[in-house]
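What follows is one structure encoded as structure tokens, with my remarks underneath.
All residue numbers refer to positions in the sequence shown, counting from 1. This is a predicted model, so every value here is computed, not measured.
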Amino acid sequence: MSAELFANPGSADTWLHRLDMMDRAAGTADTLYEQAQQDANTAQALQDQAVVARDALHELKVAADESYAAAQEAAAAAQAAVAAQQEHKVELEAQLTVLVENRAATEDDYQAGQRHRAWLAEQERQRRIREAAEREAARQRAIAEQQQRAEEAAQNGGGSGGGGSVPVAEPSSSGWVSPHYGRFTSAYGWRNDPLGNLGSKLHAGIDIAAGCGTPIYAVADGTVTLRSRDTYGANMLYIDHGGGVQSEYFHMARPAHVYPGQRVSAGQVVAYEGSTGYSTGCHLHFQLRVGGTLANPESFLNARGVRLR
């Protein structure tokens, strides 16, 4: 270019115009290069973002597939649960039917039981009425027998044993009476066997004789606990008076119409004098137990205002 200018100075404008154009072209090329470089960088960034988006999309697809599979499993489980619930519902309905039937049967059984208990209660009521009537009839018979024997004894001038007609005294203020009215023949304590067979032994009661067949009385209110025979064959009768006190009667001809479990009153006829068992003749052998231990009947009754002799 320098040679061209020396050789042809008139072409300087042309060259300057060319240089200007070349400079502009170079500037434009630089601008285009920079723009191209920016576009390339933008394209790379977009490509990187696309890769990231693709990877994220892949991860989302995998997660979506897993969620879909889980949803499918949950739907299958829910369907199975619905089927099981339907089966259980059928089973529960069957059980409910059985329970309703059982309840009806149970109610029928309960009503039958109530009717049976009512029947038993009525039978018990009727039994008590019969027993009360029997006791009253027995009491009336005892009164009639007592009156008859008293009349016979009065007509015979004192009876077969000399006891005579003896009225029953009213109970003392303590509620006790004499078990028998007649001669006091033997006290409580040691003595020789009157039949000579048993030697010296404790006479654990008292003996009173009023004549064969004369009435024997309950010494106080109480409940008959025993009506039997002892080992020697003597008729015996026990009455529980409460508080650990029990009266015992032996050798009677026969007990009156009183039975174990029956309530008796002080002065009520419970037996008649006799000579059953190991005995020397008609008399009453009378014993008392306090707390299960034999006690002296005479002292016991004396302390309660009852004199036996």
Side-chain angles (χ1 to χ4, degrees), residues 124-143 145-146 168-172 174-182 186 188 201-208 210 213-279 282-306 308:
E124 177 64 15
R125 189 182 71 84
Q126 294 293 339
R127 183 188 67 80
R128 290 180 178 177
I129 291 174
R130 288 194 302 271
E131 289 183 352
E134 290 173 358
R135 287 195 296 270
E136 178 60 21
R139 190 178 71 85
Q140 294 297 333
R141 285 196 299 271
I143 293 173
E145 290 176 359
Q146 182 179 358
V168 180
E170 290 294 327
S172 66
S174 64
W176 293 77
V177 299
S178 174
H180 201 28
Y181 294 89
S186 184
Y188 176 91
K201 63 185 296 289
L202 176 65
H203 184 234
I206 58 173
D207 292 341
I208 302 174
T214 52
I216 295 170
Y217 308 97
V219 290
D221 296 346
T223 302
V224 176
T225 58
L226 177 69
R227 172 181 168 172
S228 184
R229 291 177 179 267
D230 67 9
T231 55
Y232 298 102
N235 287 327
M236 60 182 181
L237 184 75
Y238 290 0
I239 301 176
D240 179 14
H241 303 287
V245 180
Q246 174 176 280
S247 60
E248 303 173 357
Y249 310 76
F250 293 85
H251 302 304
M252 297 85 68
R254 61 184 174 88
H257 299 283
V258 292
Y259 301 91
Q262 179 177 337
R263 289 287 300 175
V264 294
S265 302
Q268 179 177 335
V269 176
V270 294
Y272 298 96
E273 184 182 328
S275 185
T276 57
Y278 195 75
S279 171
C282 287
H283 72 288
L284 166 67
H285 175 78
F286 177 72
Q287 296 183 171
L288 269 174
R289 292 181 191 268
V290 179
T293 302
L294 286 166
N296 186 336
E298 185 176 9
S299 300
F300 183 93
L301 292 175
N302 284 347
R304 285 156 182 78
V306 179
L308 301 178

So, for [X] and [Y], which heavy atoms are closest and what is the spacing to 0.1 Å?
X      : Y      : value
Asp221 : Ser265 : OD1-CA, 3.2 Å
Ala220 : Ala266 : CA-CB, 3.6 Å
His285 : Asp207 : ND1-OD1, 3.0 Å

Identified ring-ring contact (aromatic ring centres under 6.0 Å, His included) partner of Phe286 from the options Phe300, Phe250, Tyr249: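 In the set Phe300, Phe250, Tyr249, the residue that makes a ring-ring contact (aromatic ring centres under 6.0 Å, His included) with Phe286 is Tyr249.
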Is a side-chain donor-acceptor pair under 3.5 Å present for Glu124 with Gln126? no
Polar side chain donor-acceptor pair, Glu273 to His180, under 3.5 angstrom: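 The criterion, which ignores hydrogens and geometry beyond distance, is satisfied for His180 and Glu273.
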Using the ring of each side chain (for Trp, its six-membered ring), is Tyr217 parallel, tilted or perpendicular to Tyr181, with breaks at 30° and 60°?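 If you compare the ring of Tyr217 with that of Tyr181, the planes turn out perpendicular.
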Parallel, tilted or perpendicular: ring planes of His251 versus His283, cut at 30 and 60 degrees: tilted
Whether the side chain of Ser174 engages the backbone of Arg304 through a donor-acceptor N/O pair (distance < 3.5 Å, no angle test) should be reported. yes
Under the 3.5 angstrom rule, does the side chain of Thr276 hit a backbone N or O of Asn235 as a donor-acceptor pair?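 It does hold such a pair.
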Going by heavy atoms in the side chains, are Val224 and Val264 under 4.5 Å from each other? yes
side-chain contact (heavy atoms from CB on, under 4.5 Å) partner of Ser247, the single match among Leu301, Val270, Leu288: Leu288
